[in-house]
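Reading through the structure tokens given below for one structure.
Small disclaimer: the values here were computed from a predicted structure and weren't measured.
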Amino acid sequence: QVQLEESGGGLVQAGGSLRLSCAASGRTFYSYTLAWFRQAPGQEREFVAYIGWRGATNYATSVKGRFTIPRDNAKDTAYLQMNSLKPEDTSVYYCAARQFKRSSQSNEYDYWGQGTQVTVSS
């Protein structure tokens, strides 16, 4: 069982940066793929990025080159570093985890955080 808690959301101007954190409980954090998804009002949840248990990463086209997803296994924490933010990045961001296998599909993740709001003003 893994519990996830996001933090770091807030209000930022376009062009600014934010770093989201996803703190996990559980003794086998290292074995999990961690991902970020986002969901805006009236829209479906969409993939943002993942980092596999061996460090492989993948990003949605819309955030590639602007966002990165490092992880610190010693702290049981994954991050989403968001730079050059745009108003269209405004959304609730969710952290998700699944063991070992990488995926960009939300229905393949077993554990979810409660979400954190990111608002980018123009």
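For the salt bridge (charged side-chain N to carboxylate O under 4.0 Å, His left out) test, no residue two or more places apart in sequence or in another chain qualifies with E5. Applying the salt bridge (charged side-chain N to carboxylate O under 4.0 Å, His left out) criterion to D76, with sequence neighbours excluded, gives no partner residue.
Nearest heavy-atom pair, A14 versus S122, reported as atom, atom and distance to 0.1 Å: CB-CA, 4.4 Å. Of all the heavy atoms in W36 and A78, the pair that sits closest is CZ2-O, 4.3 Å. A pairwise comparison of heavy atoms in L34 and A97 identifies CD1-CB, 3.9 Å as the closest pair. Closest heavy-atom contact between S103 and E108: OG-OE1, 2.6 Å. When all heavy atoms are compared, the tightest approach of L18 to L85 is N-CD1, 3.9 Å. When all heavy atoms are compared, the tightest approach of F37 to R45 is CB-CG, 3.7 Å.
The cationic atom of R66 (NZ for Lys, CZ for Arg) does not lie both less than 6.0 Å from the six-membered ring centre of Y59 and within 45° of the ring axis. Within the cation-pi definition used here (under 6.0 Å to the ring centroid, within 45° of the axis), R19 qualifies as a partner of Y79.
Looking only at distances, a side-chain donor or acceptor of R71 sits under 3.5 Å from a matching main-chain atom of G52. S91 contributes a side-chain N or O that, together with a main-chain N or O of A40, makes up a donor-acceptor pair within less than 3.5 Å. Judged purely by atom type and a 3.5 angstrom limit, T77 has no side-chain atom pairing as donor or acceptor with the backbone of A23.
Expressed to the nearest 0.5 Å, how far OG1 of T33 lies from OH of Y50 amounts to 7.5 Å. A distance of 6.0 Å separates CD1 in I51 from CD1 in I69, rounded to the nearest 0.5 Å. How far CG of N58 is from NZ of K64: 6.0 Å, rounded to the nearest 0.5 Å. The distance from the OG1 atom of T119 to the CD atom of Q13 is 13.0 Å, given to the nearest 0.5 Å. Taking OG1 of T90 as the reference point, atom CD of Q117 lies at 7.0 Å (rounded to 0.5 Å).
Side-chain atoms of Q99 and S31 form a donor-acceptor pair, as typed in the model, at a separation below 3.5 Å. Of the N and O atoms on the side chains of T116 and E6, not one donor lies less than 3.5 Å from an acceptor on the other residue.
Using a 4.5 Å cut-off on side-chain heavy atoms (C-beta onward), F29 and V2 make no contact. By the 4.5 Å heavy-atom criterion applied to side chains, M82 and V118 are counted as neighbours.
Ring planes of Y109 and W112: perpendicular class, angle over 60° (limits at 30 and 60°).
Using a 4.5 Å cut-off between side-chain heavy atoms of Ile, Leu, Val, Met, Phe, Trp and Tyr, with links allowed through other members, Y94 and V63 fall into different hydrophobic clusters. Linking ILVMFWY residues whenever their side-chain heavy atoms come closer than 4.5 Å, directly or via other members, leaves F47 and L80 in distinct clusters. Note on F67: it clusters hydrophobically with V12, by side-chain heavy-atom contacts below 4.5 Å among ILVMFWY residues.
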For this session: Just do the side-chain contact (heavy atoms from CB on, under 4.5 Å) check on S62 and R38 with the steps written out, would you?
Result: CA-CA 12 Å; S62 60; R38 65 187 183 186; 3.5 Å; yes
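The 12-atom threshold is not exceeded at CD of Q3, counting heavy atoms of other residues, nucleotides or ligands nearer than 6.0 Å.
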